[in-house]
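Structure, as structure tokens:
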Amino acid sequence: MSKVILITGGSSGIGYEAALMLAAKGHTVYAAARRADKLEPLGEHGIKTLLLDVNDEKSAQSCVQSVLDAEGRIDVLVNNAGYGYFGPVECVPLEEARRQMETNVFGLSTMCRLVIPHMRSQGSGRIINISSLAGQSCFLYGGWYHVSKYSVEALSDSLRIELKPFGIDVVKIEPGGIRTQWGHIAGDHLKECTEGSVYEPSAAKEAALLHYGYSSNYLTSPTVVARAITRAAVNRRPRVRYRVGLGAKSLAFLHTVLPDLWWDAGMRLLGGPLRTPTA
Ligand SMILES: NC(=O)c1ccc[n+]([C@@H]2O[C@H](COP(=O)([O-])OP(=O)(O)OC[C@H]3O[C@@H](n4cnc5c(N)ncnc54)[C@H](OP(=O)(O)O)[C@@H]3O)[C@@H](O)[C@H]2O)c1
């Protein structure tokens, strides 16, 4: 059956591919993001596009209302908008940490709060939250990004318990390394916030690794995540979580079986030995 689906962060990467795949399967898809020019090509595939900044409550309200006005319902919300501000906790300006939490966590919760009353009155609905492997384990210099994705995990688990009685399913997608702009954005932030600090040499190495990895074919194509989102959106009984993409299952497993200090040592190897900070 055709569903009405709203995808946040539809202008690029995972959200863009998910919009294409869901529309190709005959669903009514709304892709929303801040950059109109990046959304525009989706129109050729019958996808409706909306401007949305999840950090702006009014923008979120008008986005959800536009879908309801046109379709009278929202069957599936895919909370995909998000980004990584990488950097050592000591270096990331708190306003940047807050901004990242606003987008990745509070923006996601705003979208949930706006659609839940409608899904409840429909007696059905599905909320698909794009979490991450970064919500299960910590990588070098991922600090505040991990805080945001661990929060998405906790919020999703809580919502799943709360919303089941209303016929609303909550599903987590936990991708590993996916070839999108994400790594370049995270890498740029990492470089920018460590310039002139004791972390600079190690952070430069890690940033280079992010840029290299996210341009290479080692990482998984976003279509693989789009496929998982499609399954989560349409299957009669969706799973609680879908782990897809490079390292999503293997690293999550390793993290649970390795002693913590072994994991930490492995992560430190990524950035090479740190220089001892001088007071
Ligand atoms: N790539 C990976 O390896 C990976 C792994 C695990 C999880 N994830 C998660 O997957 C999701 C999608 O990321 P991606 O890899 O596809 O990266 P991406 O290509 O950079 O896409 C991010 C999307 O989020 C949107 N966005 C960012 N801030 C927004 C805001 N304030 N309001 C509305 N939209 C906003 C961007 O659109 P505009 O800039 O046009 O607004 C863009 O469409 C993110 O939540 C990310 O954390 C990615």
Side-chain angles (χ1 to χ4, degrees), residues 6-20 30-42 47 49-60 62-64 77-86 96 98-111 128-137 139 142 144-153 155-156 172-189 209-211 213-216 218-226 228-229 241-249 251-252:
L6 170 60
I7 305 177
T8 71
S11 62
S12 129
I14 293 170
Y16 192 92
E17 293 299 328
L20 287 178
Y30 285 77
R34 293 167 302 180
R35 290 170 299 169
D37 58 319
K38 301 278 178 195
L39 287 167
E40 206 185 296
L42 289 172
I47 295 160
T49 60
L50 292 167
L51 282 181
L52 166 69
D53 181 346
V54 295
N55 295 343
D56 175 349
E57 177 101 27
K58 284 211 170 72
S59 163
S62 109
C63 172
V64 168
L77 166 68
V78 182
N79 273 313
N80 165 74
Y83 70 98
Y85 195 113
F86 261 45
E96 292 293 353
R98 288 195 184 102
R99 208 188 324 272
Q100 181 172 224
M101 290 295 284
E102 284 293 339
T103 304
N104 295 2
V105 184
F106 297 111
L108 175 148
S109 92
T110 300
M111 296 303 294
I128 300 173
N129 290 335
I130 310 303
S131 176
S132 177
L133 168 62
Q136 337 284 314
S137 50
F139 293 81
W144 281 108
Y145 180 65
H146 293 296
V147 174
S148 77
K149 289 299 183 182
Y150 271 73
S151 302
V152 169
E153 286 285 315
L155 203 62
S156 305
K172 298 182 288 186
I173 308 282
E174 298 169 346
I178 312 299
R179 198 169 54 249
T180 66
Q181 282 307 302
W182 183 93
H184 299 286
I185 294 169
D188 285 345
H189 286 314
L209 204 66
L210 279 166
H211 285 293
Y214 278 80
S215 314
S216 77
Y218 293 122
L219 295 198
T220 305
S221 158
T223 54
V224 173
V225 189
I229 293 172
R241 66 170 62 76
Y242 292 78
R243 288 187 170 149
V244 284
L246 185 75
K249 288 187 181 131
L251 288 177

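Both counts, for ligands and for their atoms, begin at 1 and track the order of listing. Note that the coordinates shown come from a computational prediction; the quantities given were computed from them, not determined experimentally.
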Q: Might you confirm whether atom CH2 of Trp182 has over 12 heavy atoms from other residues, nucleotides or ligands at distances under 6.0 Å?
A: yes

Q.
For Phe106, I'd like to know if atom CZ has over 12 heavy atoms of other residues, nucleotides or ligands within 6.0 Å.
A. no

Q.
Does only the side chain of Thr103 get under 4.0 Å from ligand 1, or the backbone, or both, or neither? Count heavy atoms.
A. side chain

Q) Using heavy atoms and a threshold below 4.0 Å, how should the contact between Tyr214 and ligand 1 be classified: side chain, backbone, both, or neither? A) side chain

Shortest protein contact, [atom] (heavy atom only):
atom	result
atom 34 (N) of ligand 1	Ala81 CB, 3.4 Å
atom 6 (C) of ligand 1	Ser132 OG, 3.2 Å
atom 39 (O) of ligand 1	Arg34 NH2, 2.9 Å
atom 9 (C) of ligand 1	Ile130 CG2, 3.9 Å
atom 14 (P) of ligand 1	Thr180 OG1, 3.5 Å
atom 32 (N) of ligand 1	Val54 N, 3.0 Å

Q) Can Ile173 and Val225 be said to form a side chain to side chain contact (heavy atoms under 4.5 Å, CB included), step by step? A) CA-CA 8 Å; Ile173 308 282; Val225 189; 3.8 Å; yes

Close-contact set for ligand 1 against [X] heavy atoms, below 4.0 Å:
X	result
Ser12	16 (O), 18 (P), 19 (O), 20 (O), 21 (O), 43 (O)
Ile14	10 (O), 15 (O), 16 (O), 48 (C)
Ser11	36 (C), 37 (O), 38 (P), 40 (O), 42 (C), 43 (O)
Leu52	32 (N), 33 (C)
Gly177	3 (O)

Ignoring hydrogens, just give me the one of [options] whose non-hydrogen atom is nearest [atom].
atom	options	result
atom 31 (N) of ligand 1	Thr8, Leu219, Asn129, Asp53	Asp53
atom 20 (O) of ligand 1	Lys149, Lys38, Met111, Gln181	Gln181
atom 22 (C) of ligand 1	Gly9, Gly82, Gly13, Ala60	Gly82
atom 1 (N) of ligand 1	Ile185, Leu246, Ile178	Ile178
atom 7 (C) of ligand 1	Gly213, Ala134, Ser131	Ser131
atom 44 (C) of ligand 1	Asn80, Val78, Asp37	Asn80

**Q.** Short side-chain donor-acceptor distance under 3.5 Å, Asn55 and Thr103
**A.** yes

Q: Report yes or no: do Ser156 and Asn129 form a side-chain donor-acceptor pair below 3.5 Å?
A: yes

(Q) Salt bridge or not between Arg99 and Glu96? Use side-chain N to carboxylate O under 4.0 Å. (A) yes

Q) Looking at ligand 1, does any of its N/O atoms fall within less than 3.5 Å of an N/O of Arg35? A) yes

**Q.** Tyr83, any N or O under 3.5 Å of ligand 1 N or O
**A.** no

Q. Where do Leu51 and Arg34 land on the side chain to side chain contact (heavy atoms under 4.5 Å, CB included) test, with the steps shown first?
A. CA-CA 5 Å; Leu51 282 181; Arg34 293 167 302 180; 5.8 Å; no

Does the residue [X] have a heavy-atom contact with ligand 1, meaning some pair of atoms that are separated by less than 4.0 Å?
X	value
Tyr145	yes
Gly107	no
Gly176	yes

Q | Interatomic distance, Ile47 atom CD1 to Leu39 atom CG [nearest 0.5 angstrom] | A | 10.0 Å

Donor-acceptor pair, side chain of [X] and main chain of [Y], under 3.5 angstrom:
X	Y	result
Asn80	Gly9	yes
Ser148	Gln100	no
Gln136	Ser132	yes

Q) Mind checking whether His146 and Phe139 have parallel, tilted or perpendicular rings, split at 30° and 60°? A) parallel

Q. Under the criterion side-chain contact (heavy atoms from CB on, under 4.5 Å), which of Asp56, Val54, Thr49 is the partner of Leu52?
A. Val54

**Q.** Centroid-centroid under 6.0 Å between Tyr85 and His189 rings
**A.** yes

